[in-house]
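Taking it in order: structure first as structure tokens, then the write-up.
In listed order, ligands and their atoms are each counted from 1. Values below: all heavy atoms of this structure, side chains included; hydrogens, waters and symmetry mates excluded. Because the structure is a prediction, the values reported are computed rather than measured.
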Amino acid sequence: MGHWAERNIIEAIAGRQRRTPSDLIQGIGDDCAVVRKAGGLVDLWTTDALVEGVHFDPAWHPPYLLGRKAANVNISDIGAMGGRPRFALLALGLSGTTSDDFAGKLMDGFLAALVEHDMVLIGGDTVYSGERLMLSVTVCGEMAENEVCYRSGAQVGDLIWVSGFLGNAACGLELYRCGKDKEDRYSSLYCAHLDPQPQVRLGRLLAARGGVHAMMDISDGLATDLAHICKASGVGAVIVADDVPLADEFLHAAAMLRIPPVQLALQGGEDYQLVFTAPESSSQSIRIIAREAGASAICLGRIVAGQSVLLYQNGKSQDITFQGYEHRF
Ligand code: ADP
Ligand code: MG
């Protein structure tokens, strides 16, 4: 990748953006932009691109699952605000080597993911993209204005929760990279990388009645994404290593790969679980909602005064602020 850091580029872009119309509630800086409309509702807007060789390798990513993933990573951002995804636009950059069969399966997967969420494809663009396939997706969602969960609402004393195992997707990708891609016992790890599941139902319920202060989805690793919440909220965070949810097959694979598991779980990207903060008084309703959504809610830390994300492990604390994943391959 280039010598630039994604975060600095986004800050430079945001700094050049001067206009803030009165119906724009949230522009650059959260999982979605939030635009007020009639009836106490807002539109949510998000866009995310997948680039061959950077975000996926067609040698091991089946086209159907790639299409699903392109939709689901965007749908995840809508769920991360607590919203209902509704419409999608798809810009498809086809490379010289993309076959009709591959493109067909890609579209089947993409549209299947939309159908699962009762969404509609309303437009897009199709271009020749040279040597690398690219999918750029925009999704629009909707929700009540007074229920939107921003990154900026975390308060000192809040508990920090995640919606499931961390690190599975990064571990699955690592297994593919080193050619250990055909072991039945790791199927859930391959699946986490190839076919991530957005936590939309959980996100919507948490926003509606979970008493949540801040929420986002984990795309760049908890170390980075929690740092975004902390920066936006003006707070710090402490994570307890023993409370980080790690799957058995993940622990097995991490040992085999000789990667420290907690590090992989907090720094690896693309889990698309939710991270959210809430006062202790919300804990009971959060557990009930998670059960209702068929999801998990695991408490692994606390919001504190400060501006760093600290990891407590073996009696020591370590600063892991923005130590997450940047895509390379
Ligand atoms: P996420 O991982 O939730 O999709 P990103 O880290 O990609 O969020 O982006 C962070 C914020 O910066 C989002 O609000 C996103 O819309 C905005 N952003 C990223 N790239 C650009 C860009 N090139 N132009 C304008 N806004 C951008
Ligand atoms: Mg996000």
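Proximity of a side-chain donor or acceptor of Asp271 to a complementary backbone N or O of Gln273 within less than 3.5 Å is not detected. Although no hydrogens or angles enter the test, the distance criterion places no donor-acceptor pair under 3.5 Å between the side chain of Ser163 and the main chain of Leu202.
Around the Mg ion (ligand 2), the protein N, O or S atoms closer than 2.8 Å are Asp31 OD1, Asp77 OD1, Asp217 OD1, listed by chain and residue number.
A donor atom on one side chain and an acceptor atom on the other are found under 3.5 Å apart for Thr98 and Ser95. With hydrogens and angles left out, the side-chain atoms of Tyr186 and His252 include a donor and acceptor closer than 3.5 Å. Looking only at atom types and distance, the side chain of Thr321 has a donor-acceptor partner in the side chain of Asp319 under 3.5 Å away.
At a heavy-atom cutoff of 4.0 Å, ligand 1 is surrounded by Glu6, Ile10, Ile13, Ile28, Gly29, Asp30, Asp31, Asp48, Asp77, Arg151, Ser219.
For the side chain to side chain contact (heavy atoms under 4.5 Å, CB included) criterion with Asn74, the lone passing option out of Leu135, Val137, Leu90, Leu89 is Val137.
The aromatic rings of Phe322 and His228 stand perpendicular to each other, their planes meeting at an angle above 60°, with 30° marking the opposite boundary. Between His61 and Phe56, the two ring planes are perpendicular [angle over 60°; tilted spans 30° to 60°].
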Next on the checklist: Working note: Glu116 + Arg68, criterion salt bridge (Lys or Arg N to Asp or Glu O under 4.0 Å); need CA distance, chi angles, decisive distance, verdict.
Outcome noted: CA-CA 10 Å; Glu116 266 171 43; Arg68 283 179 61 87; 2.9 Å; yes

